[in-house]
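Quick notes on the structure that follows.
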Amino acid sequence: GLDDVDDDNDDDGDGGDHGEKEDDGDHGGKEDDGDHSEEEEDDDEEEEQQHGDEAFAYGRTPAHSFFRVLSALPASALARCRGCTAPEVMCVFGSSMGWMVFYAASQGLRARGIEILPSLHSEALNALQTARKLDHETAALCDLQLGDMRAAALADIAVLVLASQCWPESLRNQVYAGVTQLPTDGGLPAGALLVDYGDWPAQWAATHATARRLELVSVVVVPVSWNERQRMHVFQLVD
């Protein structure tokens, strides 16, 4: 059945299901600290021109909110990602500086992040390098990749987190079209979970003919940097 998990400290207001880009001032957005190479900056500008600035706006999902989402996921899906030798992974599309990848790894899950901006990927690698010195076991569970999520291999993903709150509709639709393909055509494996910051996957599926069905599993209400009551939607791919 469908679970609607609310935070005990949340009030009754919704605050917007589609993630305002407001920042609380604690998360520097795309500010440059001067440490990025000119080549990285040029690559960032090229990607931003292709998708628009909105696709790269930065907000943060704190650890306690991410852990609350994890607690709402079926245990069987998490079990398939647990440990360095796990057959599958939890993957984050739009992993930015790697926070959610690190959070997942801290819970013993193999975690992969895919980020298209070289500057953010570089920051994530720096953080991973530090993590290796402090907690080698957790760091060993992390895989940070620079690349286009639309071209990513999906065959070993048990849980896919989409940091889609600022993606333009055209980009979201391309991602949904790719992940809902049959596994033989490059889509997610049977039974894979899709975690999104809105109900956009359901909206997309309602207007597009697909070979697979997206079944809503749960809605988890958590605070994030731009919204005190963000509704995180968990879907399962049903063949």
Side-chain angles (χ1 to χ4, degrees), residues 1-7 61-96 98-115 124 128 131-132 134-145 149 152-164 175-176 178-197 199 201-202 205 211-222 224 230-239:
L2 172 63
D3 297 323
D4 194 338
V5 183
D6 206 338
D7 193 306
T61 300
H64 64 85
S65 294
F66 185 80
F67 295 152
R68 188 169 180 83
V69 174
L70 282 185
S71 71
L73 302 182
S76 57
L78 297 180
R80 299 200 300 274
C81 307
R82 198 166 297 284
C84 286
T85 60
E88 298 183 53
V89 302
M90 171 176 285
C91 184
V92 182
F93 276 6
S95 54
S96 186
W99 290 108
M100 287 191 283
V101 174
F102 299 138
Y103 296 158
S106 75
Q107 302 305 296
L109 305 176
R110 275 187 68 205
R112 177 182 303 147
I114 300 178
E115 173 55 48
L128 180 58
R132 288 194 178 109
L134 302 175
D135 187 346
H136 181 76
E137 289 186 5
T138 294
L141 293 168
C142 298
D143 174 20
L144 299 171
Q145 299 181 8
M149 60 194 173
L154 308 176
D156 65 345
I157 296 176
V159 182
L160 179 60
V161 181
L162 304 179
S164 65
V175 172
Y176 300 149
V179 301
T180 57
Q181 293 182 102
L182 291 170
T184 52
D185 296 325
L188 286 170
L193 298 175
L194 194 65
V195 181
D196 207 320
Y197 283 75
D199 65 348
R212 312 170 79 188
R213 183 163 51 90
L214 280 172
E215 183 176 284
L216 185 62
V217 175
S218 62
V219 179
V220 189
V221 182
V222 296
V224 292
Q230 182 67 39
R231 295 170 63 86
M232 303 290 289
H233 293 68
V234 181
F235 298 90
Q236 186 167 39
L237 275 169
V238 180
D239 293 337

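Worth knowing before you read on, the calculation uses all heavy atoms, side chains too, and leaves out hydrogens, waters and symmetry mates. This structure is a prediction, so every number in the text was calculated from the model and none was measured.
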Practice item. Walk me through it: do Asp199 and Arg231 pass the test salt bridge (Lys or Arg N to Asp or Glu O under 4.0 Å)? Key: CA-CA 9 Å; Asp199 65 348; Arg231 295 170 63 86; over 6 Å; no

**Study point:** Step-by-step side-chain contact (heavy atoms from CB on, under 4.5 Å) determination, Leu144 to Phe102
**Key:** CA-CA 10 Å; Leu144 299 171; Phe102 299 138; 4.2 Å; yes

Practice item. Could you please spell out the steps behind the side-chain contact (heavy atoms from CB on, under 4.5 Å) verdict for Val175 and Ser164? Key: CA-CA 10 Å; Val175 172; Ser164 65; over 6 Å; no

**Study point:** Step-by-step side-chain contact (heavy atoms from CB on, under 4.5 Å) determination, Asp143 to Val89
**Key:** CA-CA 10 Å; Asp143 174 20; Val89 302; over 6 Å; no

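Among all heavy-atom pairs drawn from Ala163 and Gly94, the shortest one is CB-O, 3.5 Å. The shortest heavy-atom contact between Asp156 and Pro87 is CB-O, 3.9 Å. Arg132 approaches Ala139 most closely through the heavy-atom pair CG-CB, 3.6 Å. Pairing each heavy atom of Ala158 with each of Ala77, the nearest pair is CB-O, 4.0 Å. Nearest heavy-atom pair, Cys142 versus Ala105, reported as atom, atom and distance to 0.1 Å: SG-CB, 3.5 Å.
With hydrogens and angles disregarded, no donor-acceptor distance shorter than 3.5 Å links the side chain of Ser65 to the backbone of Val222. Side-chain atoms of Gln230 never come within 3.5 Å of backbone atoms of Val224 as a donor-acceptor pair (strictly under, hydrogens ignored). Listed for the Arg213 side chain is no donor-acceptor partner under 3.5 Å among the backbone atoms of Leu237.
Atom NE2 of His233 sits about 13.0 Å away from atom CG of Leu162, to the nearest 0.5 Å. Put simply, CG on Leu216 and CZ on Phe235 are 5.0 Å apart, with the number rounded to the nearest 0.5 Å. Rounding to the nearest 0.5 Å gives a distance of 14.5 Å between OG1 of Thr61 and CZ of Arg68. Atom CG of Leu194 is separated from atom CD of Gln236 by 11.0 Å, given to the nearest 0.5 angstrom. From Cys84, atom SG reaches atom CG of Leu109 across 11.0 Å, with rounding to the nearest 0.5 Å. We find the CG-CZ distance between Leu160 and Phe93 to be 5.0 Å, quoted to the nearest 0.5 Å.
Contact of the Leu188 side chain with the Pro183 side chain is not registered, since no non-hydrogen atoms from C-beta on lie closer than 4.5 Å. Between Ile114 and Val92, the closest side-chain pair of non-hydrogen atoms is not below 4.5 Å. Counting heavy atoms from C-beta outward, Leu154 and Val179 have side chains that approach closer than 4.5 Å.
For residues 101-111, every residue pair satisfying the side chain to side chain donor-acceptor pair (under 3.5 Å) rule, not counting sequence neighbours, is listed here: Arg60-Tyr103.
Across Val159, Leu78, Val220, a single residue satisfies side-chain contact (heavy atoms from CB on, under 4.5 Å) together with Leu70, and that is Leu78. Here the rule is side-chain contact (heavy atoms from CB on, under 4.5 Å) with Val161, and of Val69, Val195, Asp196 only Val195 fits it. With respect to Ile157, the side-chain contact (heavy atoms from CB on, under 4.5 Å) criterion is satisfied by exactly one of Glu88, Met90, Arg112: Arg112.
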